[in-house]
Amino acid sequence: MKQKLVAVMLTLAMTAALAACGSKAETPAEAPAETEAPAETEAEAPEAEAPEAEAPTEGGADLSAMKFGFVVGSFEHTFYQLIGEGIETECKAQGLSDSQFSVLDASLDPVIATQKVETLTADGCNAIALACNDAAGVKPAIENADKDGVAMFTFDCTSESEAINCFVGTDNYQGGVLGGQELLRLSEEGDTVAIIGYPTASSCLDREKGAVDTVGDQRNLLSGYDYKGDANEAQKIMENILTTNPEVKAVFCVGDPAATGALASIKAAGSDCVIIGFDGNPEAKEAILDAENGKYWVSEVSQNPKEIGATIVREMISFMTDGTVTDKQIFIAPYIITAENAAE
């Protein structure tokens with residue numbers, strides 16, 4: 001009887017032991033769950049990415065695991081094509097693969113720019129830089145992306161937001177000062193001069209302000225126009241200026257598309273009004289050096305768009321890898337082009 005009782009007790013003990021081992025053995029038995037663990041990690045990735053965007057402030061982040069996004073004003077403008085070239089060249093020089101960066105076009109539309117920022121955020125970009133052609137219109141997109149853990153940067157023209165880590169662009173106010181000085185140089189006391197502006201873009205607004213401040217009351221100054229980034233609109237504005245003020249001696253255009261439109265109207269009207277452009281695009285240099293067009297398009301405030309593109313890439317990478325930028329605002333000085341140096 002004791003032997004039977006012992007046997008029963010042994011049997012119960014072995015069953016309990018096997019049950020205990022069975023609960024531990026469920027881990028290998030559930031090997032598929034371990035195999036699926038990476039999928040669970042991926043599913044949780046969006047939550048993990050938010051603190052990852054803050055990691056650069058601690059330094060040492062892995063560049064090979066990052067993605068960068070860029071939104072230019074409009075590829076219809078040579079200036080932005082050149083910025084795009086500078087971005088692409090520098091990205092590759094920094095060792096980024098084609099899959100690690102994207103350069104998109106906003107068509108000078110804040111709604112499209114917002115959509116592009118949202119697309120780049122959804123695509124997993126760790127950092128995004130954009131040209132804020134409508135500073136107020138894109139500010140919510142910048143701040144929403146920042147809340148999603150994306151490091152935000154601007155180039156060419158910026159917006160007032162604490163979310164922006166660095167801005168790279170031309171010193172547009174100083175460029176406007178140069179444009180104003182050219183208006184004075186190319187006219188005389190008592191003459192009428194004009195500025196064709198684009199107030200929606202903060203960069204162009206700064207250019208116009210620099211020129212207005214420089215000219216002051218030294219000339220009869222016509223300003224307050226908006227060519228909306230469109231050469232055809234600038235052509236119409238210049239036609240109206242020449243109709244109401246045929247004596248106008250010089251016009252400062254805050255962008256080369258405006259200068260192109262103004263040139264067409266001035267030639268059609270048979271006016272001797274001269275043009276100061278702004279950008280330094282190849283077509284501006286060609287016009288200045290041309291025997292016919294150079295009679296009108298005589299001067300240009302030049303930027304360095306490729307350097308703007310390259311610099312914003314370097315600053316983004318610096319911030320994302322070690323948490324630093326050279327400065328919150330980096331200005332690249334503009335300079336004057338005339339027939340004497342346009343071929344250089």
Side-chain angles (χ1 to χ4, degrees), residues 41-58 61-63 65-75 80 83-84 87 91 96 99-169 198-206 229 308-309 311-325 327-330:
T41 304
E42 288 177 8
E44 295 171 0
E47 296 181 7
E49 281 177 9
E52 192 174 303
E54 298 177 2
T57 57
E58 299 173 6
D62 181 10
L63 181 61
M66 295 182 189
K67 292 179 69 175
F68 297 82
F70 304 87
V71 183
V72 303
S74 172
F75 279 135
Y80 286 115
I83 285 185
I87 288 171
C91 281
L96 298 181
S99 64
Q100 286 184 271
F101 68 93
S102 301
V103 186
L104 307 180
D105 183 348
S107 301
L108 298 178
D109 187 328
V111 175
I112 295 176
T114 295
Q115 292 170 349
K116 300 298 184 183
V117 170
E118 291 171 349
T119 296
L120 291 169
T121 300
D123 285 346
C125 284
N126 303 87
I128 297 173
L130 71 156
C132 302
N133 299 98
D134 185 329
V138 297
K139 184 177 179 180
I142 291 170
E143 297 186 340
N144 287 338
D146 174 66
K147 289 175 184 175
D148 286 337
V150 180
M152 297 302 296
F153 301 78
T154 54
F155 59 88
D156 181 41
C157 41
T158 191
S159 182
E160 293 183 5
S161 173
E162 292 299 318
I164 297 169
N165 295 292
C166 178
F167 162 71
V168 177
Y198 179 24
T200 305
S202 60
S203 58
C204 294
L205 190 60
D206 288 344
I308 291 173
T311 302
I312 195 62
V313 171
R314 290 194 291 268
E315 294 301 322
M316 291 168 78
I317 289 177
S318 175
F319 182 83
M320 296 307 295
T321 54
D322 63 25
T324 64
V325 292
D327 205 339
K328 287 281 286 185
Q329 292 188 318
I330 299 174

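It should be emphasised that the depicted structure is a prediction, and the values quoted were computed from it without experimental measurement.
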Roughly how far apart are [X] [atom1] and [Y] [atom2], rounded to 0.5 Å?
X: T121; Y: N126; atom1: OG1; atom2: CG; answer: 10.5 Å
X: D156; Y: I308; atom1: CG; atom2: CD1; answer: 6.0 Å
X: M316; Y: T311; atom1: CE; atom2: OG1; answer: 12.5 Å
X: S74; Y: I112; atom1: OG; atom2: CD1; answer: 9.0 Å
X: S202; Y: D134; atom1: OG; atom2: CG; answer: 9.0 Å

| Donor-acceptor contact present, side-chain K67 to main-chain D123, <3.5 Å | yes
Do [X] and [Y] touch side chain to side chain, with heavy atoms closer than 4.5 Å?
X: L130; Y: I142; result: yes
X: L205; Y: Y198; result: no
X: F68; Y: L63; result: yes
X: V313; Y: F70; result: yes
X: I330; Y: C166; result: yes
X: L104; Y: L120; result: yes
X: F167; Y: K328; result: no

So which heavy atom on [X] is nearest to which on [Y], and how close?
X: I317; Y: T321; answer: O-OG1, 2.6 Å
X: V117; Y: A145; answer: CG1-CB, 3.9 Å
X: S159; Y: K139; answer: OG-CB, 3.6 Å
X: K116; Y: V71; answer: CB-CG2, 3.9 Å
X: M66; Y: Q100; answer: O-NE2, 2.9 Å
X: G73; Y: A131; answer: N-CB, 4.0 Å

Only counting residues at least two apart or in another chain, list the ones meeting side-chain hydrogen bond (donor to acceptor under 3.5 Å, both in side chains) with [X].
X: T158; result: T154
X: E143; result: S161
X: S203; result: none

| query | Does anything in residues 125-150 pair up under ring-ring contact (aromatic ring centres under 6.0 Å, His included), and if so which pairs, sequence neighbours excluded? | reply | none
| query | Which residue pairs pass the ring-ring contact (aromatic ring centres under 6.0 Å, His included) test with at least one member in residues 128-158, sequence neighbours excluded? | reply | F153-F319
| With distance as the sole criterion, is a donor-acceptor pair present between the side chains of S318 and T324 under 3.5 Å? | yes
| field | Residue pair D105 / Y80, side-chain donor-acceptor N/O under 3.5 Å | value | no
| field | Sequence-distant partners of F101, ring pair (Phe, Tyr, Trp, His ring centres under 6.0 Å), two or more places apart | value | none
